[in-house]
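Order of the sequence lines fixes the chain letters, A, B, ..., with proteins taken first and strands second; residue numbering starts at 1 for each chain.
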Amino acid sequence: MTTRMDSKPLKIKKGQKFVDALAPGYLKDGIIAVKYQNKTVDLQMEAKENGEFTPVYLKSEDGTRILRHSSAHLLAHAITELYPSALLNAGPATDDGFFYDIEMPPVSTEQLAEIEKKMREISSRKLPITRKVLSKEQLYRMFEGNPYKIQKIRDYVPDGTSSTVYEQGNFTDFCTGPHVPSTDIIKHFRLTSIASALYKVNGEQKHLLRIYGTAFPDESSLKQYFVLKEEAQKRDHRKIGSEMDLYVFDSENAPGFPLYTPNGTIIRDKLIEYMRGLNSSNGWTEVATPHVFRDTMWKRSGHYSKYREDMYLFNLDEDGYAIKPMNCPGHILIFRRNMYSYRDLPVKLSEFGTVYRYEKSGEVGGLTRPRSFTIDDGHAFLALSQVENEIVSILKMIAETFKTLFGGLEISYELSLIDEEHPENFLVGYECADCGEKFDLRGAVDQLKCPKCGSTKLRVNLDKWNEASEALRSAISSLNLPYKETPGDAAFYGPKISVYLKDALGRKWQLSTIQLDFFMPSNFGLTYVDSSGGKSPVIMLHRAVFGSIERIMAILIENYSGKLPTWLSPYQVIVVPVSEHYADYAQGVASALKKSGLRVYLDSTSETLNKKLRLIRRFRAAYICVVGEKEQENNTVTVRSRSDTMKEMRQSEFSEAIAAEIEKRNIEQFM
RNA sequence: GCCACUGUAGCUCAGGAGGUAGAGCAACUGAUUUGUAAUCAGUAGGUCGGGGGAUCAAAACCCUCCAGUGGCUCCA
């Protein structure tokens with residue numbers, strides 16, 4: 001899809017159309033737009049001044065994006081022909097296709113096929129797609145009767161200026177383009193699904209119908225796309241997890257709550273054991289906190305006002321309680337049992353804490369979005385001067401962890417900051433202009449009031465946020481890690497770093513987070529005695545390396561297609577006798593291996609060898625040992641690895657090799 | 001919560017212009033004793049997601065609830 005074409009810059013004169021600046025016949029070579037002054041524009045556009053441009057080929061990334069955007073128009077065109085009363089909203093290209101949001105009655109999958117058919121028909125009409133410049137007034141007139149378009153014209157086209165529409169046959173859409181020059185360029189596409197999408201028009205929330213599709217420059221990439229989707233489905237952790245017997249979802253009695261079987265529990269335990277070691281060698285101590293707290297604590301921590309909707313709440317006698325959706329306040333209660341001097345900090349508390357969040361019914365799914373999950377949580381209580389060092393140390397733990405779990409897979413970092421335009425979405429400091437009171441609040445600007453004098457004249461103070469952000473930024477850049485800043489994505493109580501992994505199928509998963517928090521410790525009045533004998537506020541740092549055990553398990557399973565590294569595998573060895581004649585020898589092999597600490601399963605059924613191998617396949621054992629006459633005589637085992645290579649070897653040799661592999665937590669097998 | 005699709009045996013699925021359920025695999029029993037992805041025969045297994053309705057009659061039709069899957073961030 002990202003085929004690089006020869007795209008030497010070409011010359012263009014002011015007022016000349018790009019299409020005319022191309023040598024004749026270029027269009028057939030798959031050029032659908034050009035890049036001029038750092039923007040992609042239509043071939044029919046005229047250059048504003050003398051200069052250079054480069055052709056954009058359909059097969060390039062930019063070209064494919066344009067193709068998809070044009071496909072969305074084609075979809076909209078088909079809809080207007082089939083359903084004249086439909087009101088179009090917007091239809092952009094996405095990373096792997098396109099969609100269009102439309103106000104219209106829901107359609108069935110059969111109707112979807114009809115729409116696709118109509119699209120093909122319109123495509124074959126070979127309609128030229130042309131761009132027209134219209135004034136704001138003309139646009140209003142053209143789209144009157146469509147409140148969605150009217151709103152966009154109002155919002156995006158300044159008074160007295162103009163914008164553009166794109167026309168293909170009798171269909172016109174308000175759009176800045178660019179687009180492919182003709183409908184018949186859109187050939188290799190498919191509509192994929194129907195969804196409903198929330199949209200606000202004139203301040204009112206509306207459910208629009210969203211139709212998804214995808215398009216590619218050629219048929220083979222389109223096919224490839226669906227092959228990859230299928231491959232992803234084959235690796236679905238829900239499917240593999242039930243084959244490997246790792247966990248159960250009981251949708252009647254525990255919707256959204258995973259129940260771990262003995263096999264799944266082994267994986268969990270091994271992950272926890274690994275993290276425990278890493279925690280301890282990095283100065284993290286471990287604590288245990290209860291699952292239920294009085295709501296007084298949640299009110300104080302700020303969770304009650306922000307997360308109440310997602311919390312499991314209940315009342316007993318006169319008191320309100322909540323099951324914990326997070327571990328942090330519990331750790332604060334432990335931290336504050338003492339007075340601390342600056343010499344005592346940082347205090348680093350970790351816990352494999354299971355939390356419960358009431359996810360809305362449409363949002364739960366598998367291990368990636370469960371209602372209960374276990375965080376490899378940790379909270380550091382420290383002084384501002386210690387923040388950067390601590391973050392560096394955590395970033396190193398993260399890098400080490402993912403190298404162990406995934407080898408060389410690519411990880412990337414994101415630094416999420418406050419949206420300075422909309423501080424009301426965050427807990428920020430304010431100062432009262434009237435009485436000078438300083439306080440932290442979160443809420444709509446026009447509802448904010450000074451808690452002391454009731455004045456509404458408040459000044460936002462982002463000092464804490466800026467300091468926090470700077471500490472994160474300088475830690476991440478001191479390690480030369482590639483990162484991207486995303487304003488507005490911060491947690492409501494502080495900025496954060498998120499870590500992403502690209503898996504074997506190229507999918508991006510969010511893993512670790514590090515969040516800085518100036519506010520929760522101040523809600524609980526946490527201070528330490530600084531070197532001058534005064535009280536200084538404690539800063540809190542939330543971190544999770546795995547993120548959640550369930551999520552990391554799901555990613556591991558999908559990435560390895562269930563064939564986990566040996567140290568994590570529930571079945572490290574399955575011993576299979578060729579027939580029952582060798583049951584005793586097999587038994588001996590199995591117990592010797594078990595004695596050396598391996599997780600071994602002996603298949604003692606009386607099936608044929610072929611059948612036994614077929615039936616145990618679903619467990620994705622690290623090694624399968626077949627033993628029969630030959631092995632019994634030679635005191636050997638014939639070992640078959642995950643990748644189906646086979647080798648006969650002495651029992652002791654096998655047992656040492658596998659022990660070393662597990663000890664080092666190798667991803668690769670020794671054979 | 002909203003939209004589409006789905007819910008029949010432990011698993012994968014068939015059936016269905018309405019006449020109270022089928023297959024393969026798994027399980028169990030017996031025979032077979034097997035050399036790297038299906039040996040044979042037999043047995044057992046289901047309130048067709050729950051509830052309600054029209055019907056002489058519902059797994060099928062209608063209503064409703066529950067659950068699962070994919071979406072609901074990427075702006076003209």
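- The CD1-P distance, from A:Ile616 to B:rA26, rounds to 14 Å in whole Å.
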Between protein and nucleotides 66-76 of chain B, map the contacts as a letter string: B base, S sugar-phosphate only, - none, heavy atoms under 4.0 Å, written 5' to 3'. -SSSBBB-BBB

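- Annotation: B:rA57 and B:rG18 have their P atoms spaced 15 Å apart (nearest Å).
- Spacing between B:rG42 and B:rG52 at atom P, rounded to whole Å, works out to 41 Å.
- Residue pairs that meet the ring-ring contact (aromatic ring centres under 6.0 Å, His included) test with at least one member in residues 68-96 of chain A, sequence neighbours left out, are A:His69-A:His73, A:His69-A:His179, A:His73-A:His179, A:His77-A:Phe171.
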What pairs of nitrogen or oxygen atoms, one from the protein and one from nucleotides 6-14 of chain B, lie under 3.5 Å apart?
none

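- Between A:Phe654 and A:Tyr623, the ring center distance clears the sub-6.0 Å criterion.
- Within residues 625-639 of chain A, the residues having any heavy atom under 4.0 Å from RNA chain B are, by residue number, A:Val626, A:Gly628, A:Glu629, A:Lys630, A:Glu631, A:Thr638.
- Under a cut-off of 6.0 angstrom, the local environment of NZ in A:Lys502 is sparse, with at most 12 non-hydrogen atoms contributed by other residues, nucleotides or ligands.
- Every residue meeting the side chain to side chain donor-acceptor pair (under 3.5 Å) condition with A:Tyr166, not counting sequence neighbours, appears here in chain and number order: A:Asp42.
- Residue pairs that meet the salt bridge (charged side-chain N to carboxylate O under 4.0 Å, His left out) test with at least one member in residues 571-588 of chain A, sequence neighbours left out, do not exist here.
- The shortest distance between side-chain heavy atoms of A:Val600 and A:Ile574 does not fall below 4.5 Å.
- Using a 4.5 Å heavy-atom threshold, the side chains of A:Ser498 and A:Tyr413 count as separate.
- Applying the side chain to side chain donor-acceptor pair (under 3.5 Å) criterion to A:Arg620, with sequence neighbours excluded, gives A:Glu243.
- Between A:Glu103 atom CD and B:rC2 atom P there is a gap of 18 Å when expressed in whole angstrom units.
- The salt bridge (charged side-chain N to carboxylate O under 4.0 Å, His left out) analysis of residues 628-637 of chain A, with sequence neighbours excluded, yields the pairs A:Lys630-A:Glu648.
- For the pair A:Asn610 and B:rA38, the criterion of a side-chain N or O lying under 4.0 Å from OP1 or OP2 is met.
- As the counterpart of B:rC61, B:rG53 is assigned, both hydrogen-bonding distances of the Watson-Crick or G-U wobble pattern falling under 3.5 Å.
- The listed nucleotides are B:rU33, B:rA37, B:rU39; the one nearest the side chain of A:Arg617 is B:rA37.
- If you measure from atom CG of A:Asn253 to atom P of B:rG50, you get 14 Å, rounded to the nearest angstrom.
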List, with names and distances, any nitrogen or oxygen atoms from the protein found under 3.5 Å away from nitrogen or oxygen atoms belonging to nucleotides 61-65 of chain B.
none

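- Ring geometry for A:Phe216 versus A:Tyr225: interplanar angle of 30 to 60°, hence tilted.
- On the P atoms, B:rU73 is 38 Å away from B:rG10, given to the nearest whole Å.
- Applying the side chain to side chain donor-acceptor pair (under 3.5 Å) test to pairs two or more places apart or on separate chains, those with a residue in residues 605-616 of chain A are A:Asp603-A:Thr605.
- Here the P atom of nucleotide B:rC5 and the CD atom of A:Gln111 are 9 Å apart, to the nearest Å.
- Rounded to whole Å, the P atom of B:rU6 lies 36 Å from the corresponding atom of B:rU43.
- Taking only side-chain atoms of A:Leu613, from C-beta outward, the nucleotide of B:rU36, B:rU34, B:rU33 with the closest atom is B:rU36.
- With P as the reference atom, B:rA17 and B:rC11 are 27 Å apart, rounded to whole Å.
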Between protein and nucleotides 40-49 of chain B, map the contacts as a letter string: B base, S sugar-phosphate only, - none, heavy atoms under 4.0 Å, written 5' to 3'. ----------

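- Between the C1' atom of B:rA37 and the CD1 atom of A:Ile624 lies a distance of 10 Å, rounded to the nearest Å.
- Of the nucleotides present, none pairs with B:rC75 by Watson-Crick or G-U wobble criteria with both distances under 3.5 Å.
- A salt bridge does not link A:Lys234 to A:Glu230: none of the charged side-chain nitrogens sits closer than 4.0 Å to a carboxylate oxygen.
- Separating the P atom of B:rG7 from that of B:rA31 is a span of 42 Å, rounded to the nearest Å.
- Between the side chain of A:Ser606 and the base of B:rU32, a donor-acceptor pair under 3.5 Å is found.
- Rounding to the nearest 0.5 Å gives a distance of 6.5 Å between CD of A:Gln168 and CG of A:Leu127.
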Please step through side-chain hydrogen bond (donor to acceptor under 3.5 Å, both in side chains) for the pair A:Asn635 and A:Gln651, ending with a clear verdict. CA-CA 7 Å; A:Asn635 198 28; A:Gln651 275 192 57; 3.1 Å; yes

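- Residue pairs meeting the salt bridge (charged side-chain N to carboxylate O under 4.0 Å, His left out) criterion with at least one partner in residues 72-85 of chain A, sequence neighbours excluded, are A:Glu81-A:Lys118, A:Glu81-A:Arg125.
- Residue A:Leu246 is tested with A:Ile240, A:Thr265, A:Leu367, A:Asn263 for a side chain to side chain contact (heavy atoms under 4.5 Å, CB included); the sole match is A:Asn263.
- Atoms CG and OH, from A:Leu75 and A:Tyr100 in turn, are 8.5 Å apart once rounded to the nearest 0.5 Å.
- One can place CE of A:Met104 at 15 Å from P of B:rC3, the figure rounded to the nearest angstrom.
- Look at A:Lys611 and you won't find any side-chain N or O under 4.0 angstrom from OP1 or OP2 of B:rC25.
- The distance from atom CD1 of A:Ile102 to atom C1' of B:rC3 is 13 Å, rounded to the nearest whole Å.
- Salt-bridge annotation for A:Glu359 and A:Arg369: present, with a side-chain N of the basic residue lying under 4.0 Å from a carboxylate O of the acidic one.
- Annotation: B:rG49 and B:rA9 have their C1' atoms spaced 14 Å apart (nearest Å).
- B:rU8 and B:rC13 have their P atoms separated by 9 Å, given to the nearest Å.
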